[in-house]
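Everything on this sheet refers to the single structure shown next.
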Amino acid sequence: AQTVTQSQPEMSVQEAETVTLSCTYDTSESDYYLFWYKQPPSRQMILVIRQEAYKQQNATENRFSVNFQKAAKSFSLKISDSQLGDAAMYFCAPNNAGNMLTFGGGTRLMVKP
Amino acid sequence: NAGVTQTPKFRVLKTGQSMTLLCAQDMNHEYMYWYRQDPGMGLRLIHYSVGEGTTAKGEVPDGYNVSRLKKQNFLLGLESAAPSQTSVYFCASGALAGGPTDTQYFGPGTRLTVL
């Protein structure tokens, strides 16, 4: 079974600054994907970024990038130029061979104007 | 293209009552999933389906049943609701595992309260 740990229950960042959210996981899978989902107060789950575990290059989507360390089983999310709309819960989730996601407990990100 | 839709959005039940949550997707995805999210926690998988007519148990299946009679629909049933089933329920769909689009797409959620 997979386990996912997000060690930061809450994080705060000043608008326009950079913040990094941490995620570590444990898996026996050799090939898998990793995802960061954002959940704003509307509770809709929104995909932020995804990473294929077999790729060494870190994924980037506009202001969002990841630092993927496969050997360490670490998958952190960096948000640059933080905006008020980035305030939300963020969940890290690896999948398995059956494409089932295991979610971490989440990190609540607050953005200060 | 509506993506993933869920019916209803809110529901209040009394202990022992039954209900069915409906999930529909228009993306022709093979895989569909039901998750629950309790306050302050991440989502946990209840049941999933890898294709029409097939279902399987996830992490927390007790007290729930599912059916996938049509590819586009995935139903979650509670036969005898209990207060411990008070939660927000999310449906998701995704393409075949291992394919180029392994992303799961989520519905808006159903908030269920069991009194």
Side-chain angles (χ1 to χ4, degrees), chain A residues 1-10 21-25 27 29-55 59 61 64 66 75 77 88-108, chain B residues 2-6 8-10 23 25 27 29-51 54-61 66 74 87-112:
Chain A
Q2 295 178 317
T3 59
V4 183
T5 301
Q6 294 181 246
S7 59
Q8 306 149 316
E10 284 191 358
L21 309 184
S22 301
C23 173
T24 58
Y25 61 94
T27 183
E29 304 285 339
S30 57
D31 189 19
Y32 52 94
Y33 292 75
L34 299 120
F35 303 85
W36 278 98
Y37 280 92
K38 168 185 177 180
Q39 187 178 43
S42 68
R43 79 172 180 238
Q44 177 71 51
M45 295 292 286
I46 301 166
L47 177 69
V48 175
I49 197 166
R50 53 176 265 165
Q51 170 81 41
E52 292 90 335
Y54 64 87
K55 287 188 177 180
E61 285 287 341
F64 299 88
V66 299
F75 183 57
L77 174 69
M89 286 289 291
Y90 286 82
F91 293 97
C92 170
N95 73 356
N96 63 8
N99 201 18
M100 288 179 280
L101 292 172
T102 301
F103 286 85
T107 296
R108 181 176 302 281
Chain B
V4 180
T5 58
Q6 292 182 231
K9 289 185 170 53
F10 302 92
C23 176
Q25 54 97 1
M27 295 174 283
H29 285 162
E30 290 293 335
Y31 282 47
M32 295 187 75
Y33 311 82
W34 276 108
Y35 295 88
R36 62 177 286 173
Q37 184 180 29
D38 299 321
M41 296 179 64
L43 282 65
R44 292 183 293 167
L45 183 64
I46 304 171
H47 285 281
Y48 66 101
S49 168
V50 301
T54 71
T55 63
K57 295 180 180 180
E59 180 186 358
V60 288
V66 289
F74 194 29
S87 190
V88 179
Y89 292 85
F90 287 94
C91 177
S93 71
L96 285 168
T101 53
D102 282 274
T103 301
Q104 289 186 24
Y105 297 90
F106 286 82
T110 295
R111 181 177 294 279
L112 174 65

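- Between the side chain of A:Gln2 and the main chain of A:Tyr25, no donor-acceptor pair closer than 3.5 Å is present.
- Counting non-hydrogen atoms of other residues, nucleotides and ligands closer than 6.0 Å to CZ of B:Arg111 gives a total of 12 or fewer.
- Heavy atoms closer than 4.5 Å to chain A are found in both the backbone and the side chain of B:Leu43.
- Taking the side chain as every heavy atom from C-beta outward, A:Tyr90 and A:Gln8 never approach each other to under 4.5 Å.
- Contacts between A:Tyr37 and chain B at a heavy-atom distance below 4.5 Å involve the side chain alone, from C-beta outward.
- Side-chain contact between B:Gln37 and A:Phe91 is present, with heavy atoms from C-beta onward closer than 4.5 Å.
- Of the listed residues A:Arg43, A:Met89, A:Gln44, the one with more heavy-atom pairs under 4.5 angstrom with chain B than any other is A:Arg43.
- Taking a 6.0 Å sphere around CZ of A:Arg108, one finds it holds 12 or fewer heavy atoms contributed by other residues, nucleotides or ligands.
- Only the side chain of A:Gln39 comes within contact range of chain B, judged by heavy atoms closer than 4.5 Å.
- Interface check for chain B: of the options A:Asp31, A:Leu101, A:Leu47, A:Ile46, the most heavy-atom pairs under 4.5 Å are formed by A:Leu101.
- In this structure, chain A has no heavy atom under 4.5 Å from any part of B:Glu59.
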